Amino acid sequence: MQGHLDDHWSDRLGGLRIERRGDGTSVLTGHVVDQAGLHGVLSGLRDIGVVLLEVRALSEDAVPPPR
């Protein structure tokens, strides 16, 4: 899949916030409860054909609160 992710994918991807960047990429941020939740997000990205460029763990205070 090329291009930005639309907001409607947020629910399917665990409610993560989608930020669209000028370079054509989308950045997903938010809280993932546990490793099983992370696997669910990664599976969802795989299922819709997203090319994954990076996964980064951030400290709790660096992530916006869940919606």
Side-chain angles (χ1 to χ4, degrees):
M1 170 184 249
Q2 289 189 338
H4 292 124
L5 288 174
D6 291 327
D7 288 335
H8 77 275
W9 290 111
S10 178
D11 288 338
R12 180 162 178 190
L13 300 172
L16 296 178
R17 186 173 64 93
I18 299 172
E19 174 190 342
R20 287 170 285 284
R21 299 239 168 125
D23 63 359
T25 61
S26 297
V27 176
L28 304 174
T29 56
H31 184 74
V32 179
V33 177
D34 56 18
Q35 192 153 349
L38 175 61
H39 282 277
V41 170
L42 294 174
S43 294
L45 292 169
R46 180 204 60 218
D47 291 350
I48 61 174
V50 169
V51 175
L52 187 62
L53 300 177
E54 181 179 357
V55 175
R56 187 184 311 173
L58 302 174
S59 65
E60 285 286 325
D61 58 335
V63 178
R67 304 191 272 154

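This one's a predicted model, so the numbers in the text were calculated from it and none came from an experiment.
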Novice: How far apart are the closest heavy atoms of L5 and I18, and which atoms are they?
Specialist: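 Shortest heavy-atom separation between L5 and I18 comes out as O-CG2, 3.6 Å.
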
Novice: Any salt bridge (charged side-chain N to carboxylate O under 4.0 Å, His left out) involving residues 18-28? Give me the pairs, sequence neighbours left out, ordered by first then second residue.
Specialist: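 For residues 18-28, and leaving out neighbouring residues, the salt bridge (charged side-chain N to carboxylate O under 4.0 Å, His left out) pairs sorted by first residue read D7-R20, E19-R21.
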
Novice: If hydrophobic clusters are built from ILVMFWY residues whose side chains come within less than 4.5 Å, do I48 and L38 share one?
Specialist: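 Yes, because I48 and L38 connect within a single hydrophobic cluster, where side-chain heavy atoms sit under 4.5 Å apart.
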
Novice: Is it possible for you to say whether L28 and V55 belong to one hydrophobic cluster, with membership spreading through side-chain heavy-atom contacts below 4.5 Å?
Specialist: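 Same cluster: L28 reaches V55 through Ile, Leu, Val, Met, Phe, Trp or Tyr contacts under 4.5 Å.
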
Novice: What distance do L16 atom CG and W9 atom CH2 have between them, rounded to the nearest 0.5 Å?
Specialist: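 Here the rounded value is 14.0 Å.
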
Novice: Under the rule for side-chain hydrogen bond (donor to acceptor under 3.5 Å, both in side chains), what residues qualify as partners of S43, not counting sequence neighbours?
Specialist: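 For S43, no residue satisfies side-chain hydrogen bond (donor to acceptor under 3.5 Å, both in side chains) once neighbours in sequence are set aside.
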
Novice: Quick test of your reading: applying salt bridge (charged side-chain N to carboxylate O under 4.0 Å, His left out), list the pairs with at least one residue in residues 43-55, sequence neighbours left out, ordered by first then second residue.
Specialist: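 Sorted pair list: R12-D47, E54-R56.
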
Novice: Can you pull the salt bridge (charged side-chain N to carboxylate O under 4.0 Å, His left out) pairs that have at least one residue in residues 28-43, sequence neighbours excluded?
Specialist: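 Non-adjacent pairs meeting salt bridge (charged side-chain N to carboxylate O under 4.0 Å, His left out): zero.
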
